[in-house]
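For reference, positions follow the sequence shown, starting with 1.
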Amino acid sequence: MKRSGFTLIELSIVLIIIGLIIGGVMKGKDLIRSADQKKIYNTWVRQWQVVANTYQDRTGGILGDGEVNGGKTGNNPDGRCDNVLLYNTTTVQDKLKAIGLDIPVSNIATSNGGSHEIQGKYTAQTARAHLQFVNNKNVLRIDNVPTDVAIAFDTMTDGTADPQAGAFKIFNDGATTWPDASKTGHKAVNVTLEL
C-alpha cells in the first residue's frame, strides 16, 4: 500500500513561496506609501514654496504680507507673513489667480489649497497650511503632519532628518531628534518650511 502526501522538502518550498509573496505585498505597500509621500511633497508642500517665491518675483510683494498680498485685512506690508490660514481663506488664492499662478493642490486623497489628507504608517491626518513669520523667517507652517511623513519630507528637503537644521524644521518643539512616530503622543507634528 502506497501512502501519498507531501515531503518535508515540498512543504518547505511552499512555505518559502508564501513568505516571498507576503514580503512582496508588504514591500509593495511601503513603495506605494513612499510614492504618495513624494507626490504630496512635490505637488503640495514644495509647490507652495515655489508659488510664494514666484509671487514675490512677479509682484515684488511677499505672499500673505499685508492685505495687498492676501494677508490679513487692514494690515500693511511689513516684510512678514501675517499668519494666513490657507485652509479657510481665499485671499491668498485670489492673489495667486490674479497673476496667473495655480493654487498648489495634489490629487491624492482629500486635498484643497490649504489642507491635505496625509496617510502615514501609524496615522492619517488632515494637514493644514499657514503662511507665517517664525524665528525671523517667512515660512509655510503645516500642522498635523504624520511624524514618519514629516521625517521623509525633511530628508527630501534637506538631505538629512534633522528637525532643527535646514529649511524644513519641527515647529515649537525644541526637539533635537524627531519623536518616535509609533508612540501615542507623537503620531503627528507641526513643521515649517522656509519660503
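In this structure, I151 is a member of the same hydrophobic cluster as V189, with clusters built from ILVMFWY side-chain heavy atoms closer than 4.5 Å. Side-chain heavy atoms closer than 4.5 Å link hydrophobic residues (I, L, V, M, F, W, Y) into clusters, and following such links, possibly through other members, connects I13 to I21. Hydrophobic clustering, with ILVMFWY side chains joined whenever heavy atoms are under 4.5 angstrom apart, groups M156 together with I170. No path of Ile, Leu, Val, Met, Phe, Trp and Tyr side chains, each step under 4.5 Å between heavy atoms, connects V84 with F133, placing them in separate hydrophobic clusters. Hydrophobic cluster membership is shared by I99 and L63, with clusters built from Ile, Leu, Val, Met, Phe, Trp and Tyr side chains linked at under 4.5 angstrom.
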Exercise. Go through Y41 and T157 one step at a time and tell me if the side-chain hydrogen bond (donor to acceptor under 3.5 Å, both in side chains) criterion holds.
Key: CA-CA 9 Å; Y41 177 79; T157 304; 2.7 Å; yes

Practice problem: Applying side chain to side chain contact (heavy atoms under 4.5 Å, CB included), run through T73 and E67 and close with a yes or a no. | Solution: CA-CA 5 Å; T73 303; E67 186 174 3; 3.8 Å; yes

Practice problem: Would you check, one step at a time, whether the test side chain to side chain contact (heavy atoms under 4.5 Å, CB included) holds for Q125 with V149? | Solution: CA-CA 10 Å; Q125 297 286 331; V149 177; over 6 Å; no

Exercise. Please assess W48 against I142 for the test side chain to side chain contact (heavy atoms under 4.5 Å, CB included), listing each intermediate value before the final yes or no.
Key: CA-CA 11 Å; W48 268 111; I142 309 171; over 6 Å; no

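Heavy-atom minimum distance, L140 versus V45: CD2-O, 3.8 Å. Between N76 and D65, the closest heavy-atom pair is O-OD1, 4.2 Å. When all heavy atoms of Y122 and D148 are compared, the pair lying nearest together is N-OD1, 4.5 Å. The minimum heavy-atom distance linking I62 with N69 is given by the pair O-CB, 3.1 Å. N83 and R141 make their closest contact through OD1-NH1, 4.4 Å (heavy atoms, listed as atom of the first residue, atom of the second, distance). Listed here is the closest heavy atom pair of I40 and E117: CD1-O, 4.4 Å.
Atoms NZ and CG, from K137 and L193 in turn, are 12.0 Å apart once rounded to the nearest 0.5 Å. For the atom pair Q132 CD and F171 CZ, the distance stands at 4.5 Å (nearest 0.5 Å). Rounded to the nearest 0.5 angstrom, T176 OG1 and Q164 CD are separated by 8.0 Å. Going from atom OG1 of T59 over to atom CD of Q56 covers 7.5 Å, rounded to the nearest 0.5 Å.
Checking side-chain atoms of N53 against main-chain N and O of Q49 turns up a donor-acceptor pair under 3.5 Å. Between the side chain of D162 and the backbone N or O of T177 there is no donor-acceptor pair closer than 3.5 Å. Looking at K95, its side chain does come within 3.5 Å of a backbone N or O of V68 through a donor-acceptor pair. Judged by distance alone, the side chain of Q93 and the main-chain N or O of L86 form a donor-acceptor pair under 3.5 Å.
Counting heavy-atom neighbours within 6.0 Å of N135 CG, excluding the residue itself, gives a total of 12 or less.
Between the side chains of D158 and T160, no donor N or O sits under 3.5 Å from an acceptor N or O.
A heavy-atom distance below 4.5 Å is not found between the side chains of L131 and N138. Between L85 and R128, the closest side-chain pair of non-hydrogen atoms is not below 4.5 Å.
By the 30° and 60° cut-offs, the orientation of the rings of F153 relative to F168 is perpendicular.
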